[in-house]
Amino acid sequence: MGAGPEHFVLNGVEQVLRDCGHDVQVDCIEAQDPFRAEIKTAFELYKMLSDRVSAASDKRIFPLVLSGNCSSTLGTVAGAGTDQLGVVWFDTHGDLNTPDTTDSGFLDGMGLATALGRCWQKMAASITNFTPLAGRNILHVGGRDLSPEEKALLEQSGGTIIDAEAVRKTSMREVLEQPLNALKSSASRIHLHFDLDVIDPRIAPANEFVAPRGLSLAQVQEAIQMIGERFTICSGVIAAYDPEYDENHEILAVGFEIMKCILANARYSPAVSAAD
């Protein structure tokens with residue numbers, strides 16, 4: 001999945017967004033320490049990302065992050081500032097495991113739990129301006145592979161889960177309208193997180209970890225529009241795209257459409273950051 005950001009860049013993401021009238025600046029973020037260790041290097045990258053996002057936001061430039069992993073949202077929300085910030089997290093998986101509940105030991109499966117302050121507190125504190133998010137300000141949308149422990153953690157934190165099945169049974173507008181309206185009591189700004197495996201793999205698999213019966217592009221676009229009508233969308237992450245599973249570039253095209261929809265409903269010009 002680490003190849004995803006570069007694949008977007010090499011396949012013309014700058015021009016795609018410029019053709020929509022956006023002034024695009026591309027900034028690549030790479031780890032500086034030659035000694036690479038999953039946890040240490042990951043948090044080093046999140047700190048660098050926080051600094052870049054903060055600088056972009058200060059200049060009224062919209063930070064759109066293309067990342068190989070979902071935990072890049074830690075640096076993005078830290079840089080955007082967590083005051084009055086809500087997060088809408090589109091993902092097949094919960095990313096709500098902790099070192100005590102994970103079966104895989106995969107750091108990326110703990111990203112949202114870390115953002116909530118439920119694990120890796122000391123490492124998260126190394127990220128510039130990081131403050132744990134309030135659970136009541138989290139909406140998890142499109143999931144279909146959350147463990148009971150992950151569901152319990154988010155619900156105990158005050159967050160809301162809207163799974164893909166609920167969307168299929170009714171509509172995105174029907175299931176999302178009430179939670180978004182309730183969120184307005186504690187948030188005025190929104191960070192959008194997209195793990196591209198939230199998209200139904202019948203379109204194309206975004207990576208090796210996809211689960212069946214996901215969301216359609218139209219449902220995702222409707223959700224973004226609803227969010228933009230109610231909040232200031234202040235940052236976004238597109239993550240977990242593995243081009244090896246996208247032989248005909250269907251998910252590449254879906255990713256472009258999601259980016260265009262985010263920027264059409266955001267307030268600033270885009271700065272696209274590619275981070276591993």
Side-chain angles (χ1 to χ4, degrees), residues 1 3-26 62-68 70 72-73 76 87-92 139 141-144 162 164 167-168 171-173 175-176 180 190-207 210-231 233-275:
M1 292 186 291
E6 184 178 19
H7 196 71
F8 277 120
V9 173
L10 292 177
N11 282 275
V13 65
E14 295 174 70
Q15 194 59 52
V16 167
L17 299 181
R18 286 185 179 129
D19 288 345
C20 296
H22 301 295
D23 181 13
V24 180
Q25 306 172 39
V26 175
F62 184 88
L64 177 62
V65 178
L66 311 180
S67 177
C70 290
S72 58
T73 279
T76 309
V87 173
V88 185
W89 190 283
F90 292 83
D91 200 327
T92 291
L139 298 182
V141 181
R144 50 213 194 265
I162 301 170
V167 177
R168 286 195 303 273
S171 69
M172 182 63 78
R173 180 162 296 276
V175 298
L176 195 56
L180 286 180
I190 293 292
H191 166 74
L192 291 177
H193 173 92
F194 286 94
D195 181 321
L196 288 178
D197 66 19
V198 78
I199 297 295
D200 195 309
R202 288 177 296 183
I203 298 171
N207 56 54
V210 294
R213 300 174 67 80
L215 301 182
S216 68
L217 173 60
Q219 289 168 332
V220 166
Q221 290 170 318
E222 183 175 26
I224 295 170
Q225 291 163 2
M226 291 176 67
I227 293 163
E229 290 166 0
R230 293 163 173 80
F231 302 91
I233 299 175
C234 64
S235 56
V237 165
I238 307 290
Y241 169 50
D242 188 343
E244 288 191 8
Y245 291 82
D246 187 29
E247 293 182 1
N248 297 313
H249 285 184
E250 288 98 339
I251 292 295
L252 180 77
V254 166
F256 285 152
E257 292 304 314
I258 292 174
M259 293 180 213
K260 290 191 284 187
C261 191
I262 292 172
L263 296 177
N265 288 276
R267 306 294 176 89
Y268 315 137
S269 300
V272 179
S273 292

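Basis for what follows: all heavy atoms, side chains included, without hydrogens, waters or symmetry-related copies.
Counting non-hydrogen atoms of other residues, nucleotides and ligands closer than 6.0 Å to CD of Glu247 gives a total of 12 or fewer. At most 12 heavy atoms of other shown residues, nucleotides or ligands fall within 6.0 angstrom of atom CD in Glu244.
Residues Cys70 and Asp195 approach most closely at SG-OD2, 3.2 Å, considering heavy atoms. Here the shortest heavy-atom pairing between Pro5 and Gly68 reads CG-N, 3.6 Å. When all heavy atoms of Phe256 and Asn11 are compared, the closest pair comes out as CZ-O, 3.6 Å. The two atoms that bring Ile251 and Asp246 nearest to each other are N-OD1, 3.0 Å, heavy atoms only.
Between Asn207 and Leu196 the shortest side-chain heavy-atom distance does not fall below 4.5 Å. In this structure, Phe194 and Ile199 have side chains that are not in contact, with every pair of non-hydrogen atoms separated by 4.5 Å or more. Contact check for Tyr245 versus Pro201: no side-chain heavy atoms found under the 4.5 Å cut-off. Two residues are said to be in side-chain contact when any heavy atoms from C-beta on lie closer than 4.5 Å; Leu215 and Met172 meet this criterion.
The backbone N or O of Gly142 sits less than 3.5 Å from a side-chain atom of Arg144, completing a donor-acceptor pair. Put simply, the side chain of Asp197 gets close to the backbone of Thr92: a donor and an acceptor are under 3.5 Å apart. No side-chain donor-acceptor contact under 3.5 Å links Arg213 to the backbone of Arg168. In this structure, Asn248 contributes its side chain and Glu250 its backbone to no donor-acceptor pair below 3.5 Å.
Classification of the Phe8-Tyr241 ring pair by plane angle, with boundaries at 30° and 60°, yields tilted.
In this structure, CG on Leu176 lies 4.5 Å from CE on Met226, to the nearest 0.5 angstrom. The CG atom of Leu17 lies 11.0 Å from the CG atom of Asp23; values are rounded to the nearest 0.5 Å. Here the CD1 atom belonging to Ile258 is positioned 12.0 Å from the CG atom belonging to Leu263, to the nearest 0.5 angstrom. To the nearest 0.5 angstrom, Asn265 atom CG is 10.0 Å from Phe62 atom CZ. Taking CG from Leu66 and NE2 from His7, the interatomic distance works out to 12.5 Å, rounded to the nearest 0.5 Å. Within the model, atoms CD1 of Ile262 and CD of Gln221 stand 10.5 Å from one another, a figure rounded to the nearest 0.5 Å.
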Intermediate values then yes/no, side-chain contact (heavy atoms from CB on, under 4.5 Å), Phe90 and Leu192: CA-CA 8 Å; Phe90 292 83; Leu192 291 177; 4.3 Å; yes
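Donor-acceptor pairing under 3.5 Å is lacking for the side chains of Thr76 and His191.
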